[in-house]
Amino acid sequence: MSGKLQIIKSLGVFSQACAKRLEVPYCSRQLIASRLLSTSHIVYLEKERAVAIEAVERASRVCKAVFKQLVNEETLTKKDKSPVTVADFSAQAVVNSVLEKHFPNDPIVGEEDSKDLQGEDGRVLRERVVELVNTAVDKPMSAEDVLCAIDRGQYEGGSSGRHWTLDPIDGTKGFLRGEQFAVCLALIVDGQVRLGVVGCPNLPFDMSKPEGDKGVLAVAVQGQGAFQRKLNADSELEQRIMVSNVEDACNASFCESVEAGHSNHSDNAKIAELLGISKQSVRMDSQCKYIAVARGDADIYLRLPVDSKYVEKIWDHAAGNIIIHEAGGHVTDINGEPLDFSKGRTLSANKGVIAANSNIFETVLAAVQTTLANKY
Ligand SMILES: Nc1ncnc2c1ncn2[C@@H]1O[C@H](COP(=O)(O)OS(=O)(=O)O)[C@@H](OP(=O)(O)O)[C@H]1O
Ligand SMILES: [Mg+2]
């Protein structure tokens, strides 16, 4: 089949799939199709999108089950790190085994490895993880299968070929507090993020109704826009999400990490002052911050370095990064450079993260640079 014919066939399938899923008018689908045709890099990824959603939904269910059980047992305390460990390992095993089933040749850069589950020392934790994983997969998995699945996440990443990156529980502190956390999965091809899925089990679906339904799944494929749907719901209906259209930075709201050890709160406050922002910052754990900006709940995300040594991990940013871009926003580091996902497991070419809608991005970047002036 010629390249052109292949593209046209793909777009036909794309339109049908989109029509069912997105409920967008035909003219909008034509617009999306013409946008794809006009780019030299055709990105389709329909199967990858569906598989990534399935994997994130299964892992999110596991995390919620762990949290519920521990709250019921009243064993969850702030100092007790074990629940998050069990959920972390189990979620990574579940996502990696779903990916292996559909894309056996794709390597994975995952946050966890199976070291702590090995041998007699790891027996109790291992048994708990194996039991949990088997509640979420179709085919029974032995302890060995589970450890193997977790260790599929040891890939070193890089600039060529395709690989996935997974944070099985991003915002572990938020998870422990019963607040925001996220299961984050992205596909990177030749160093570029092409697909991102973020499951946010505790995020209100509609921020104007904070007590309403909770559980959001945000998804974006390069060139196809960003969408949200209800996490683990019967309906697969998706809504397009867009960043806010705030034009004056002084009217913006910004979000930042809850943990001052992950993002410099005092520098953030100075930048807010410089921009004339009077709204209180929204503190939120995990890549839910990217989703908040992508759907216009907040206008700016600042993650300023706390020290010169910390290097950000790709799994903490890949999925959120593409979702913001596809929602019409911008993401760079504090030097205005795009996040570079081609360097391996870390963002070694970058320092810090800034995300905002396109109207105010340059103003925010200038304020960041004035405030940090050669600090990093
Ligand atoms: N020093 C430092 N600087 C920047 N980032 C760091 C630092 N230390 C850790 N981490 C990473 O922060 C991830 C969680 O980020 P959050 O923005 O969600 O922070 S928080 O949940 O509010 O604490 C967290 O991800 P998880 O471990 O998956 O929770 C870490 O990878
Ligand atoms: Mg993380």
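Just follow the structure's listing: the first ligand is 1, and inside any ligand the first atom is 1. Computed over heavy atoms, backbone and side chain alike; hydrogens, waters and symmetry mates excluded.
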Salt-bridge contact Lys351-Glu312 (side-chain N to carboxylate O under 4.0 Å): no
Distance-only N or O hit between ligand 1 and Asp167, under 3.5 Å: yes
Shortest non-hydrogen contact from Asn202 toward Gly178: ND2-O, 3.7 Å
Atom 12 (O) of ligand 1: nearest protein contact (heavy atom, Å): Arg303 NH2, 2.9 Å
Contact check, side chains of Ile354 and Asp333, non-hydrogen atoms, under 4.5 Å: no
Sub-3.5 Å N/O-N/O distance, Asp285 and ligand 1: yes
Atom of Asp297, atom of Arg295 and distance for their closest heavy-atom approach: OD2-NE, 2.7 Å
Name of whichever N/O/S atom of Asp167 is nearest to the Mg ion (ligand 2): OD2
Any N or O of Tyr310 closer than 3.5 Å to N or O of ligand 1: yes
Minimum side-chain heavy-atom gap Glu156-Val109 below 4.5 Å: no
Closest Asp170 atom to the Mg ion (ligand 2) [N, O or S only]: OD1
Chi angles and distances behind the salt bridge (Lys or Arg N to Asp or Glu O under 4.0 Å) call for Glu111, Arg345: CA-CA 9 Å; Glu111 183 171 13; Arg345 294 174 66 89; over 6 Å; no
Residue-ligand contact Ile169/ligand 1, heavy atom below 4.0 Å: yes
Atoms of ligand 1 close to Lys289 [distance to a heavy atom under 4.0 angstrom, numbered from 1]: 16 (P), 17 (O), 18 (O)
Any N or O of His262 closer than 3.5 Å to N or O of ligand 1: yes
Cationic N near anionic O, under 4.0 Å, Lys270 to Glu273: no
Under 3.5 Å: N/O of Val258 near N/O of ligand 1: yes
Nearest-contact summary for atom 30 (C) of ligand 1 - protein heavy atom, Å: Asp316 OD2, 3.6 Å
Lys343 atom NZ, over 12 foreign heavy atoms within 6.0 Å: no
Identity of the N, O or S atom of Asp316 lying closest to the Mg ion (ligand 2): OD1
Candidate with minimal heavy-atom separation from atom 2 (C) of ligand 1, of Gly261, Ser263, Cys184: Gly261
Nearest protein heavy atom with distance in Å, relative to atom 27 (O) of ligand 1: Glu111 OE2, 3.4 Å
Minimum-distance protein heavy atom relative to atom 23 (O) of ligand 1: Glu259 CG, 2.4 Å
Pairwise side-chain contact, Arg49 with Lys47, heavy-atom cut-off 4.5 Å (strictly under): no
Region of Lys313 that comes within reach of ligand 1 [heavy atoms, distance under 4.0 Å]: neither
Ligand 1 contact by Glu312, heavy-atom criterion under 4.0 angstrom: yes
Side-chain heavy-atom pair Trp164, Ile188 within 4.5 angstrom cut-off: no
Selection from Cys255, Ala182, Ser257, Ser286 by shortest heavy-atom distance to atom 18 (O) of ligand 1: Ser286
Validation row: Gln222, Leu195 side chains within 4.5 angstrom (heavy atoms): no
